[in-house]
> 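First, the structure itself, so that you have it in front of you.
Remember, predicted model here, so these are calculated numbers, not experimental data. Count residues from 1 along the sequence.
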Amino acid sequence: MSFQAYLDTIESKTGLTPRQLLAKATESGFGPATKATPIIEWLKAEYGLGRGHAMAMVHVITKGPQISDKHVGSDGTHADASNELWLDGKATNPNAG
């Protein structure tokens with residue numbers, strides 16, 4: 001599953017775009033300096049997300065939407081179309097295929 005696919009699934013599960021969920025995380029006091037465990041616990045308690053999906057949001061919350069170029073354009077199952085994750089909802093993603 002690509003990084004973007006994780007975020008799209010999170011949107012389906014929570015009803016929130018990644019950007020909306022990021023805003024809620026910020027409102028809850030989470031940010032770049034926050035360790036993964038409290039964010040994972042919060043996402044599980046509030047939204048029922050498992051560890052894998054939560055870790056995708058941990059990246060966005062702590063590091064922003066930029067991801068490594070190593071998966072962009074690759075043939076693997078983790079291939080992403082861009083090194084910038086789309087946070088504004090899967091229906092509006094210009095990179096969606």
Side-chain angles (χ1 to χ4, degrees):
M1 180 178 286
S2 72
F3 210 134
Q4 188 65 54
Y6 270 102
L7 296 183
D8 292 348
T9 300
I10 289 167
E11 181 181 348
S12 296
K13 288 178 178 240
T14 66
L16 299 169
T17 67
R19 189 167 311 280
Q20 291 169 322
L21 198 52
L22 174 60
K24 291 193 176 287
T26 301
E27 290 169 9
S28 295
F30 302 118
T34 309
K35 299 286 186 189
T37 300
I39 298 171
I40 292 167
E41 291 171 350
W42 172 72
L43 289 168
K44 181 176 177 118
E46 293 292 320
Y47 302 100
L49 293 182
R51 183 171 180 79
H53 290 94
M55 285 303 294
M57 277 308 301
V58 166
H59 177 90
V60 171
I61 293 165
T62 62
K63 295 180 170 82
Q66 194 80 24
I67 60 171
S68 170
D69 287 332
K70 72 180 179 178
H71 296 300
V72 177
S74 69
D75 292 333
T77 58
H78 298 292
D80 277 287
S82 170
N83 66 353
E84 184 84 11
L85 296 168
W86 185 256
L87 303 181
D88 294 316
K90 58 187 173 182
T92 63
N93 187 342
N95 295 314

> State the CG-CG distance between D88 and L7, to the nearest 0.5 angstrom.
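Between atom CG of D88 and atom CG of L7 there are 11.5 Å.
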> Out of curiosity, M57 CE to L21 CG, how far, rounded to the nearest 0.5 Å?
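These two atoms lie 4.0 Å from each other.
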> Looking at OG1 of T14 and CD of E46, how far apart are the two atoms once the value is rounded to the nearest 0.5 Å?
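Atom-to-atom, T14:OG1 and E46:CD are 12.0 Å apart.
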> Hey, what do you get for CG (L22) to CD (E27), rounding to the nearest 0.5 Å?
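Those atoms lie 10.0 Å apart.
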> Are the side chains of I61 and T34 in touch, meaning some heavy atoms are under 4.5 Å apart?
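Answer no - side chains too far apart.
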> Between atom NE2 of H59 and atom OG of S68, what is the distance when rounded to the nearest 0.5 Å?
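These two atoms lie 9.0 Å from each other.
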> Report the relative orientation of the aromatic rings in W42 and F30; use parallel for angles under 30°, tilted for 30 to 60°, perpendicular for over 60°.
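Taking F30 first and then W42, their aromatic rings sit tilted (interplane angle of 30° to 60°).
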> Please assess I10 against L43 for the test side-chain contact (heavy atoms from CB on, under 4.5 Å), listing each intermediate value before the final yes or no.
CA-CA 10 Å; I10 289 167; L43 289 168; over 6 Å; no
> Could you tell me if the side chain of Y47 sits less than 4.5 Å from the side chain of H53, heavy atoms only?
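They are not in contact (no side-chain heavy atoms under 4.5 Å apart), so the answer is no.
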> Could you tell me which residues satisfy side-chain contact (heavy atoms from CB on, under 4.5 Å) with A23, sequence neighbours excluded, listed by chain and number?
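In terms of side-chain contact (heavy atoms from CB on, under 4.5 Å), with neighbours along the sequence ignored, A23 is linked to no residue.
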> Mind checking side-chain contact (heavy atoms from CB on, under 4.5 Å) for S12 and listing every partner two or more places apart, or none if nothing turns up?
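Result, side-chain contact (heavy atoms from CB on, under 4.5 Å) vs S12: K90.
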> Looking only at heavy atoms, what is the nearest atom pair of A56 and Y6, with distance?
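Nearest pair, atom of A56 first, then Y6: CB-CB, 3.8 Å.
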> Which heavy atom of G15 sits nearest to which heavy atom of Q20, and what is that distance?
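Looking at all heavy atoms of both residues, the closest pair is O-OE1, 4.3 Å.
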> Does a side-chain heavy-atom distance below 4.5 Å link N95 with S82?
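N95 vs S82: side chains touch.
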> If you compare all heavy atoms of P18 against all heavy atoms of G89, which two are closest, and at what distance to 0.1 Å?
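Closest pair (atom of P18, atom of G89, distance): CD-N, 4.4 Å.
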> Quick one: CD on E11 to CG on L87, what's the gap to the nearest 0.5 Å?
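Taking CD in E11 and CG in L87, the distance rounds to 10.5 Å.
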> What pairs with W86 under ring pair (Phe, Tyr, Trp, His ring centres under 6.0 Å), at least two apart in sequence or on another chain?
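Counting only residues at least two positions away or on another chain, W86 forms no ring pair (Phe, Tyr, Trp, His ring centres under 6.0 Å).
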